[in-house]
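Worksheet: one structure, shown below.
Side chains are part of it too, since the values below use all heavy atoms of this structure and drop only hydrogens, waters and symmetry mates. Each chain gets a letter, A, B and so on, in the order the sequences are listed, and its residues count up from 1.
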Amino acid sequence: MEKSRVPSARKDGRVIIHFDYDCFYASVFEAQTPALKSLPFAVQQKQIIVTCNYEARRRGLYKLQLIRDARRMCPDVVIELGEDISRFRDASKELYSFLKAFSWSGKVERLGFDEVWLDVSDIVDYNRQLLNRHDLAQSFFQTSRDDPMEGFSFNASKLAGHPYPQNYKRADVTGVVDDLTMRMFLGSHLAQHMRHQLEEQKGYTSTVGIGTTKLLSKLVGNLNKPKGQTTVMPPLDSSIDGPGNAQAFLDRHEIGKIPGIGFKLAQKLRDFILQRPAAFDTGLVYGGTKENVTIADIRGHAEVNPEMLERLLSGPGSPYGIGYKVWCLLHGVDDTEVSQAKAVPSQISIEDSYIRLDTMPELLQELDALAKSLVSRMRVDLLVEEESASKEDDLRSEPVDRALHQVTSKKWLAHPKTLRLTTRPRLPLQPDGTRIRSFKRISHSAPLPNFIFGLSESVDSLAERLVREALIGMFRKLHPEKSGWNLSLVNLAVTNMAETAGESKTAKGRDIGNMFKRQDDVLKDFQVREVSPSPAEGSELETQVVTGGGWDEDVELGDDDLECCGDCGTRMPPFAMVAHRRFHLPAVPALQNHCT
DNA sequence: CTGGGGTCTT
DNA sequence: AAGACCC
């Protein structure tokens with residue numbers, strides 16, 4: 001019997017939760033000063049509102065808005081300065097640790113200060129096998145591997161939070177669920193539990209997405225903001241019956257909204273689809289576009305395939321294999337792992353921007369201030385209490401002794417080897433008196449002097465030495481002219497961390513996924529997936545719910561509504577054509593997708 | 001008069 | 001050292 005075969009690339013064996021703390025910078029201030037919550041409140045850096053709470057958004061304020069516009073729009077807005085980001089970093093670390101404590105695998109990845117992914121596949125799989133399928137409504141979710149009493153009660157026949165698609169037919173109506181559906185249910189309950197704990201114990205609300213990949217979990221969360229959660233439900237795969245929910249969901253997105261496709265790639269793709277240069281938004285929003293080109297527009301284009309994308313998108317600065325990577329993203333394929341928590345950052349940097357910085361005395365003052373911050377931050381982020389060298393240390397009973405001891409028992413987690421100075425020169429005036437704004441940076445690196453690690457010297461004096469003995473010389477390399485420069489930004493960084501022996505690089509070694517080139521890693525897995533559902537394997541849980549597709553079920557299609565495939569002439573409804581077209585396209589690699 | 005951070009790749 | 005990407 002010949003089964004219908006469709007190339008597939010989905011690997012949906014994982015359950016991934018994506019957290020996004022609601023208006024994070026504003027929430028940090030609100031946690032400290034709850035009265036702000038009921039007011040329109042915004043956080044300012046230089047002349048910009050970097051974020052604002054929802055009370056402010058209700059009055060029209062938005063992220064990255066100019067202060068002047070914000071005040072005009074909402075004169076009573078309360079504004080706090082957030083240029084010193086220490087408090088945000090501290091809060092971010094605290095919340096990250098809190099969430100990480102739920103993980104069994106250590107696969108917990110932070111993006112920026114306010115986003116965290118967790119791969120909770122192991123927790124979900126463990127709990128799936130604990131379920132009593134005759135009484136799903138009275139289930140208990142075990143959050144600890146060791147303690148069967150730790151956890152929460154929940155109804156495993158229902159999803160927690162919102163589904164995608166919205167009209168998803170719930171299992172409590174149909175009564176049966178397949179494995180993937182059950183895993184998404186479990187993921188949604190775990191996510192809800194964590195979200196509530198985060199709010200109750202830390203005072204932060206968050207927006208959450210649950211999916212089988214980093215890409216889907218992150219994007220789907222956006223559907224219910226703020227303090228909501230959304231799960232991408234099966235069937236994820238496109239089949240002869242129609243596009244899967246993963247593709248249906250992605251298809252509506254403007255190309256620039258896809259993580260991994262930044263401004264440059266998005267512009268190239270828009271230009272190609274429109275066959276002319278796409279107009280981009282000159283307003284303040286960075287990736288803004290006036291031309292909406294969607295994933296569907298690109299994916300459905302006859303000439304688009306991985307090789308063509310490689311030709312279109314590669315260029316200076318673009319990584320090898322970009323065409324294939326984008327091709328995967330267009331199809332909702334994202335095999336990237338949630339990376340292991342890192343013990344140390346790969347870089348620490350401090351920067352400030354200036355309307356004008358063009359004299360040596362001012363520069364020295366700024367370098368000094370930046371260097372002080374940098375040394376302080378090195379001590380915060382790279383210094384840990386040393387493990388006690390002897391038992392006496394632990395048994396020491398006098399608090400004073402303890403305090404004294406601690407001062408002298410700090411240890412560097414890592415020694416950065418490189419110091420980097422970056423500037424952003426302001427371009428000279430044009431002949432016509434206007435100025436081209438440039439965001440180009442130039443940098444110079446040098447070995448980081450060892451004295452910086454001394455703990456007996458004060459931060460201030462170390463900073464002064466750093467300026468005199470290293471930074472001034474580095475600045476001369478960048479700007480050999482005695483004068484005439486004008487900087488709009490200065491950044492000081494330490495990089496190239498040499499981690500101290502004995503400390504593992506991550507909680508559990510390197511992220512294996514990142515050690516392979518995506519392409520090599522994925523291509524060797526190429527297989528064709530059989531789409532016909534395999535017979536239910538005994539249990540009711542294996543029975544598939546197939547009624548909740550992402551298209552309108554009751555639409556009758558007349559002959560006029562059929563489309564004709566340009567390659568083989570087969571006629572079929574438009575929704576089926578989506579899947580059918582993939583027959584004729586270079587295949588995306590696939591894995592067997594049956595989750596057992 | 002577009003922040004202050006980060007990551008990774010070439 | 002620079003350029004892409006992320007927040």
To the nearest angstrom, how far is [X] atom [atom1] from [N] atom [atom2]?
| X | N | atom1 | atom2 | result |
| --- | --- | --- | --- | --- |
| A:I261 | C:dC6 | CD1 | C1' | 14 Å |
| A:D114 | B:dG4 | CG | P | 17 Å |
| A:D20 | C:dC6 | CG | P | 15 Å |
| A:N491 | C:dA1 | CG | C1' | 14 Å |
| A:K46 | B:dG4 | NZ | P | 4 Å |
| A:L487 | B:dC1 | CG | P | 14 Å |

Between A:W117 and A:H18, how do the two ring planes meet: parallel, tilted or perpendicular, split at 30° and 60°? tilted
Among the candidates B:dG3, B:dG5, B:dT7, find the nucleotide nearest to the side-chain atoms of A:R377. B:dG5
Options B:dC8, C:dA1, B:dG6, nucleotide nearest the side-chain atoms of A:K342: B:dC8
Under the side chain to side chain contact (heavy atoms under 4.5 Å, CB included) rule, collect the residues that match up with A:P428, sequence neighbours excluded. none
Regarding A:R356 and the six-membered ring of A:Y354, is the cationic atom NZ or CZ under 6.0 Å from the ring centre and inside 45° of its axis? no
What residues, two or more places apart in sequence or in another chain, satisfy ring pair (Phe, Tyr, Trp, His ring centres under 6.0 Å) together with A:F29? A:F41, A:F88
Tell me whether the side-chain N/O atoms of [X] come closer than 4.0 Å to OP1 or OP2 in [N].
| X | N | value |
| --- | --- | --- |
| A:K218 | C:dC6 | no |
| A:S346 | B:dT7 | yes |
| A:S353 | B:dG4 | yes |
| A:Q44 | B:dG3 | no |

When you compare the side chains of A:N53 and A:E30, does any donor N or O come within less than 3.5 Å of an acceptor on the partner? yes
Verify the distance criterion only: is there a donor paired with an acceptor across the side chains of A:S445 and A:R420 at less than 3.5 Å? no
For A:S349 and for A:V50, locate the closest nucleotide of DNA chain B by heavy-atom distance; then report the residue assigned to the nucleotide nearer the 5' terminus. A:V50
Where along residues 74-91 of chain A does a heavy atom come under 4.0 Å from DNA chain B, residue by residue in number order? A:E83, A:I85, A:R89
Euclidean distance, A:I255 CD1 relative to A:I261 CD1, rounded to 0.5 Å: 3.5 Å
